**Q** 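Sharing a structure, written as structure tokens. Questions coming.
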Amino acid sequence: MAQPRISAYLPPDIDPTKAALAFGRRALPKLNEELQSPELLTQQRALMALCDLVHDPENVYQAIALGFLDSLKTLLVHQDQTVRQKTTEVLSVMALHSIGREGLIRSGIISALAGLLDDPVDICRKNTHQIFDRLAKLPQGAGGVLQAGLISPLVLKLKAELDEVQELILDTLSNCLRVEISEALAAGAVTVLKEKLSHPSTAIRSKAAWVLLEISSHAEGKIAVCKEGVIPVLVSLLQDTQPEVQAGTAGALMFAIVTPQGRSSAMGAEAIPPLLTLVAEETSKARLNAIKTLTLLAELPESRKTLLDHRDTFHRCLEDPSEAVQRAAEIAITVIDWKP
Amino acid sequence: EVKRQRRAQKQGLARKLTQEQIQPGTPEPVEGREHVYVQTELYLEEISDRIIEVDGECQTDEFLDRPTTPLFIPAKTGKDVATQIEEGELFDFDIEVKPILEVLVGKTVEQALLEVMEEEELAQLWSHQRAFAELRNAEFAELQRLEEQDRRIREEKERRRLEHLEKLRKQKETAEKIAARAFAQRYLADLIPSVFNNLHDSGFFYDPIERDIETEFLPWLMSEVEETVQKKVLGRTMLDSLIRVVVEKRLDEFSRPPPPAPTEAPAEEPSATDAAPQVSDEADADDQPVEEEEETDQPVAEE
């Protein structure tokens, strides 16, 4: 009987590249068997069908429960590039859902994916990095990436990859380095990031600034950042036109100048005027970070003198709708008014 | 009333019992025989209180893989007949196409909506995370700043404390030095006179002239005195020897002529003895051996 409700299933044979789905609960197990079949065409068709199915979280849950990940892992090292590409696509869509992420981390897919970093096909690499990026947003995922020792290869790839892939790598790195930075420092990440700060693409600049922020939130990172002389570059980036870049650089500076050496090099690079402009802007994203940076700088007597003249800027910040900005502005005013 | 009910119950029970007893039953079996119940109908059946039950279940089988429906092309039957359909005769396209279009468009839109929703959900998640990350970073930076401040203050305090301790230590040292010096001075003030006294007593301080006299003059004097005395002794010895020589000569001269030896001998003796006292007393020691020699000579001569 004709119903007004549209069926969830497409008409059969509408897409010849996809395998036909069995009814109801039988669909995924049948696809699993087809994935393990020795015939290439069957595998490809099954993968295409799987790609469409995993957009639904219920299917993801069922797939992981059925143990799809093992068959997918074996397919990752297949010779045919379509198979590899589709497998990585399936995994990256799985990583969009929280169940998928957890399942992927548990099954240790990260080490299997490490082999694909050098794949000749661009799309495979891009998908792999997308998977890493999505997995790294979870703390367990970041830990998994760190444990698999992927940081040094990622830093190396950063130098010689396409722009899109670089963005993904930078995102992954920023999430992983929040946890632990010794490997990254050993691989010379700070130098590479310093170069990226002068990249023509906005996204890469802002993401590189975020990664530097994460690096300098650790003590060893601060020392490394001061040594490499990244602070003057960051100060010059504060005058960049893009708000994303400004926010990232202000944040990176915020952490890097906690140490006395960082503070003196920031003073030497004359960081105060651009930071003040950032604070004065009502709608800038970098406001919070800029206020915090100025608070840190205000601990030096010379900068306190300069900032005393600009106290009204901070007073205006007190009316900002965001609570964090208000608090930061109060703290800044107390620090500026402090007398030894 | 309750008692009445209970009595009624008891009476009922009693009636039942009596009725059972009164009812005639089958007489007891004779010894050696047994009464058995037997079914006498045509078909025997098992009699029991429990009703015989049988469980039966039914379920559909698991879905078997059904191969895809093959294209069904029915065999050709019947006569071939051809017709021609003019446009607009069968159906009105615009009206008929509507449901098909609805399905197509609806499907597409639904799919698109799903995808957009997915992306939006993701974007929301990431922006949420971003906001959280910002707050967290800000707080973290604040924490680090305060830590740094605290560290600096502590270091400063530590340095000041050490400086103060150093200062105190130096003060103490200086005070001790002063005290030690005062004490040493007092101690040594006594020392010098006693030292000088000791040295004076042990003769280290001398009058050079005195010493000169002592060391040079007196020995010289003593040696001169010794020389003089030796000269005197020499003189006496010379004298003694002279006397001896003379006496020997006289002895020789007087011993040649043998005559009156004993008178001369005693004359010699007295002369010897006279001569002897003439010689100074100090030459007694020399005279005596001379006397003795003369005496020995005389007895020899006498013999």
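Numbered from 1 within each chain, the chains take letters A, B, ... in sequence-line order. None of the values given here were measured: they were computed from a predicted structure.
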**Q** Between B/E148, B/E115, B/E134, which shows the greatest number of heavy-atom pairs under 4.5 Å with chain A?
**A** B/E148

**Q** Is there a side chain to side chain contact (heavy atoms under 4.5 Å, CB included) between A/W210 and B/R130 once you walk through the steps?
**A** CA-CA 11 Å; A/W210 272 100; B/R130 205 46 179 243; 2.8 Å; yes

**Q** Do the non-hydrogen side-chain atoms of A/L96 and B/E118 ever get within less than 4.5 Å of each other?
**A** yes

**Q** Select one option (side chain, backbone, both, neither) describing which atoms of A/L213 are under 4.5 Å from chain B's heavy atoms.
**A** side chain

**Q** Just verifying a value: how many Å separate A/M254 CE and B/F140 CZ, rounded to the nearest 0.5 Å?
**A** 10.0 Å

**Q** Considering only heavy atoms, which portion of A/T295 lies under 4.5 Å from any heavy atom of chain B: side chain, backbone, both, or neither?
**A** both

**Q** Of the backbone (N, CA, C, O) and the side chain (C-beta and beyond), which part of B/E147 lies under 4.5 Å from a heavy atom of chain A, both, or neither?
**A** neither

**Q** Taking NZ, NE, NH1 and NH2 as the nitrogens, is one of them in B/E139 or A/R327 under 4.0 Å from a carboxylate oxygen of the other?
**A** yes

**Q** Specify the closest pair of heavy atoms between B/R145 and A/V258, including all atoms of both residues, with the distance to one decimal.
**A** N-CG1, 4.3 Å

**Q** A/I331 versus chain B, heavy atoms under 4.5 Å apart: side chain, backbone, both or neither?
**A** side chain

**Q** Taking all non-hydrogen atoms of both residues, which atom of B/N137 and which atom of A/F255 are closest, and how far apart?
**A** O-CZ, 3.2 Å

**Q** Specify the closest pair of heavy atoms between A/S217 and B/Q144, including all atoms of both residues, with the distance to one decimal.
**A** O-NE2, 2.7 Å

**Q** Sorted by first residue and then second, give each salt bridge (Lys or Arg N to Asp or Glu O under 4.0 Å) pair with at least one member in residues 170-180 of chain A; sequence neighbours left out.
**A** A/D171-A/K207, A/R178-A/E214

